[in-house]
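First comes the structure, then the notes that go with it.
Below, read A as the first sequence line, B as the second, and so on, with proteins coming before strands; counting in each chain starts at 1.
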Amino acid sequence: MKKEVVNLTINDTPYELLVEPQVTLNELLREQLDLTGTKISCAAGECGACTVLIDGKPMLSCCTLAATVKGKNITTIEGLAKNGELHPLQKAFVEHGAIQCGFCSPGMILTAKALLDENPNPTREEVKSYLAGNLCRCTGYVKIIDAVLAAASQMNKGGK
Amino acid sequence: MFRTLKPFEYFEPKTIKEAVDILSTHDSGTKILAGGVDLVPRLRKRQIHPEYMVNIQQAKEMNGTIEDTAEGLRIGALASLRSIELSPLVHKNYFVLHEAIASIASTQVKTQGTAVGNLCVATPASDVAPALLVLNANFRVVGPSGEKIVPVENFYLGVGKTVLQDNEIIVEILLPKLQPKTGGAFLKLVRTAADIAKVNAAVILTMIDDTCSDVRIAVGSVAPTVLRVKKAEEILKGQKVEPKLIEAAAKTAAEEVKPISDLRSTAEYRRETTLVLVRRTLSAALERAKA
Ligand SMILES: Cc1cc2nc3c(=O)[nH]c(=O)nc-3n(C[C@H](O)[C@H](O)[C@H](O)COP(=O)(O)OP(=O)(O)OC[C@H]3O[C@@H](n4cnc5c(N)ncnc54)[C@H](O)[C@@H]3O)c2cc1C
């Protein structure tokens, strides 16, 4: 099959890649670029583990063909820490024990980032409803929601 | 479980005409791609085997614009579920559609998935379809012989089946203006918040003084397609709307549906809860129409 030329930016780095049309964004990230922070679990859009930000919006990399993201700006979990310093959401997840096995965490944190970018001061209910597409099978969500709210208040105080 | 997709040829037409030409040349084994939320998992599960994939997102006439026009609201076919849910125009004038989309849990599904893609999947459990049915929505469709308007009411033929040919593309959804004193409501019954409906119901009701001048009721997950329950509607039309009449209409609605038993519910339960959902949506729509 004819390959597609895909120019895109991933975590602020520009790439020019050749991909086969049937390759998903998830496979491109994990297998071609070794960015294995993005997970894949249900492979059907149900669990949110594969979430990445495309132009800032939370999307399912398992349901996205790599050929369709030409010119887009992708953020994966690897792109959140800056200069060796964790993002406030990552810190809050660590501090609140919002991570157990860690498999849902990249998708959870990226969805939470999209929420805080849209709505810097969400209520508990707003956090719950925004994260409804991300399943966690270990911690039970309370700590995750606590962590997102803590990160929000930290960031509103100007914390990094 | 398969992780990868089988190869296909990929097209990114720059115009709708080019898209229709590609779809018509390869007249079998083609698929139109929008958000991919439904399509990509189906490819992965080997449920469909298209040889040609046509991504319509780059065609210059395609967009996701939501705008008021003289005839009503125009929603471009690329509009994501979330952009429709968050649209102030939809919230203000077509609240039943807002409510229906708000009932879908996953932010990612709503951000990536289009309303048109949701409708084309033609599952009777769609939450968007009952809302569009009661809103008398139309699709503008472009195909090899030009353009046509298809009412959503005539769109569905069965589970997974619509009147669209493989080389026809939906370009926009059109929602006619509603009368003054019209209220709408949507409700669904689910096992867990993130699951699809066991039963859902949407209502649009117009009142003149105490009398119902017009009403449309649609239910989902209780027949091979989403369904208008027209006998129930007839009970209310031209009548003073009182709780007893709402109950009678809800009862009739429950007689009109043709539910099946599956992993989500038994047919019997679906029939019973159709009655409850129709009663509740009618009552809510009535309050909103009066407000
Ligand atoms: C986890 C999960 C939960 C969900 N929950 C719900 C729920 O609670 N309620 C609900 O109603 N839905 C639910 N859905 C369904 C979801 O809304 C749809 O899968 C999604 O909106 C499909 O849109 P898409 O743009 O991704 O379509 P695609 O997957 O790209 O396409 C779907 C179909 O539509 C056709 N198509 C798309 N656009 C056009 C067009 N312009 N013209 C002609 N044909 C076209 C395609 O050819 C394909 O056959 C859920 C889905 C998932 C994965």
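If you measure heavy-atom distances from A:Thr24 to chain B, the contacts under 4.5 Å come from the side chain alone. Only the side chain of A:Thr51 comes within contact range of chain B, judged by heavy atoms closer than 4.5 Å. Looking at A:Glu4, only its side chain comes within 4.5 Å of chain B, counting heavy atoms on both sides. Of the atoms belonging to B:Ile104, not a single heavy atom falls under 4.5 Å from chain A.
The stretch residues 86-100 of chain B places none of its residues near chain A, where near means some heavy atom under 4.5 Å from a heavy atom of that chain. Using a 4.5 Å heavy-atom cut-off against chain A, the contacting residues of residues 48-63 of chain B are B:Met53, B:Asn55. For a heavy-atom cut-off of 4.5 Å, chain A lies close to B:Pro7, B:Phe8, B:Glu9, B:Tyr10, B:Glu12 in residues 7-16 of chain B.
When all heavy atoms are compared, the tightest approach of B:Arg3 to A:Ala43 is NH1-CB, 3.4 Å.
At most 12 non-hydrogen atoms from other residues, nucleotides or ligands lie less than 6.0 angstrom from NZ of B:Lys161. Within 6.0 Å of the CZ atom in B:Arg288, the count of heavy atoms belonging to other residues, nucleotides or ligands exceeds 12. Around NZ of A:Lys39, the count of heavy atoms belonging to other residues, nucleotides or ligands within 6.0 Å exceeds 12.
With rounding to the nearest 0.5 Å, the separation of OG1 in B:Thr107 from CG in A:Leu60 is 10.0 Å. In this structure, the separation between SG on A:Cys63 and CZ on B:Arg44 is 6.5 Å, given to the nearest 0.5 Å.
Among the candidates B:Thr4, B:Val37, B:Thr111, the residue making the largest number of heavy-atom pairs closer than 4.5 Å to chain A is B:Thr111. Interface check for chain A: of the options B:Arg82, B:Lys6, B:Lys45, the most heavy-atom pairs under 4.5 Å are formed by B:Arg82. For the set A:Val23, A:Thr68, A:Ile40, the count of heavy-atom pairs under 4.5 angstrom toward chain B peaks at A:Thr68.
Each salt bridge (Lys or Arg N to Asp or Glu O under 4.0 Å) pair with one or both residues in residues 10-35 of chain A, not counting sequence neighbours, appears once here: A:Asp12-A:Lys82.
Counting only heavy atoms from C-beta outward, the side chains of A:Leu65 and B:Leu5 approach each other to under 4.5 Å.
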